[in-house]
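Report on one structure; see the data block that follows.
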Amino acid sequence: MFQQMQYFIAIVNNHSFTQAAVDCHISQSAISQQMKELESQLGVKLLNRKGRSFEVTEAGQYFYIHSQDILADVDQLIKKTIK
């Protein structure tokens, strides 16, 4: 799920699935599939897709904010562990 969180953050930050895929070094179809799987696992829509654009849902905003915190905590955990 950590990887999917990173993908989701990249999508929101870039306002684009395509640019997020480039930044994450995966295909656009792969990042789209990962988001579908993440939404399925969570049982909630994170993004409302509108053609080629999207809006972040209320649940998506919550997940976005807290995913950033969690990933920052994991990063600190790793850095302090390998010190």
Side-chain angles (χ1 to χ4, degrees):
M1 181 172 285
F2 289 126
Q3 188 70 58
Q4 290 172 325
M5 292 165 76
Q6 290 174 324
Y7 294 158
F8 179 69
I9 291 167
I11 290 166
V12 174
N13 286 346
N14 284 292
H15 308 287
S16 166
F17 277 75
T18 303
Q19 189 57 49
V22 170
D23 289 355
C24 294
H25 308 288
I26 63 171
S27 70
Q28 189 274 330
S29 61
I31 206 166
S32 293
Q33 183 61 36
Q34 287 297 311
M35 286 306 94
K36 287 178 187 175
E37 287 180 24
L38 178 60
E39 289 176 328
S40 178
Q41 287 173 6
L42 296 172
V44 66
K45 293 290 264 177
L46 300 174
L47 302 169
N48 283 326
R49 292 159 182 85
K50 297 180 176 186
R52 296 184 68 125
S53 65
F54 63 85
E55 289 183 359
V56 181
T57 65
E58 187 175 331
Q61 281 290 348
Y62 180 85
F63 192 79
Y64 172 76
I65 290 166
H66 293 284
S67 290
Q68 291 178 92
D69 294 340
I70 290 167
L71 293 177
D73 288 347
V74 169
D75 187 50
Q76 284 300 310
L77 172 66
I78 292 167
K79 285 178 181 176
K80 289 181 179 185
T81 300
I82 62 175
K83 240 182 177 180

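No hydrogens, no waters, no symmetry mates; every other heavy atom, side chains included, goes into these values.
- Atom CD of residue Glu55 and atom CG of residue Asn48 lie 6.5 Å apart, to the nearest 0.5 angstrom.
- The backbone N or O of Val44 sits nowhere less than 3.5 Å from a side-chain atom of Glu39 that would complete a donor-acceptor pair.
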Report the C-alpha distance between Tyr64 and Leu46 in whole Å, list the side-chain angles of each, state the deciding distance to 0.1 Å, and finish with yes or no for side chain to side chain contact (heavy atoms under 4.5 Å, CB included). CA-CA 9 Å; Tyr64 172 76; Leu46 300 174; over 6 Å; no
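- In this structure, Ser40 contributes its side chain and Lys36 its backbone to no donor-acceptor pair below 3.5 Å.
- Under the side chain to side chain donor-acceptor pair (under 3.5 Å) criterion, the residue pairs touching residues 65-79 are Asp75-Lys79, with sequence neighbours excluded.
- The number of heavy-atom neighbours closer than 6.0 Å to CD of Gln41, taken from other residues, nucleotides and ligands shown, is above 12.
- Note that the CD1 atom of Ile9 and the CD1 atom of Ile65 stand 11.0 Å from one another [nearest 0.5 Å].
- Rounding to the nearest 0.5 angstrom, the gap separating the NZ atom in Lys45 from the CE atom in Met35 is 12.0 Å.
- The only option from Phe17, Phe2, Phe63, Phe54 that meets the ring pair (Phe, Tyr, Trp, His ring centres under 6.0 Å) definition with Phe8 turns out to be Phe63.
- The two residues Asn14 and Ala20 have their closest heavy-atom pair at ND2-CA, 3.7 Å.
- A donor atom on one side chain and an acceptor atom on the other are not found under 3.5 Å apart for Thr57 and Gln61.
- Side-chain polar atoms of Gln3 and Gln6 form a donor-acceptor pair below 3.5 angstrom.
- Note that CD1 of Ile11 and CG of Leu38 are 9.0 Å apart. Values are rounded to the nearest 0.5 Å.
- Atoms CG and CG, on Leu71 and Leu77 in that order, are 12.0 Å from each other to the nearest 0.5 Å.
- Interatomic distance, CD of Gln33 versus CD of Gln28, reported as 11.0 Å (0.5 Å rounding).
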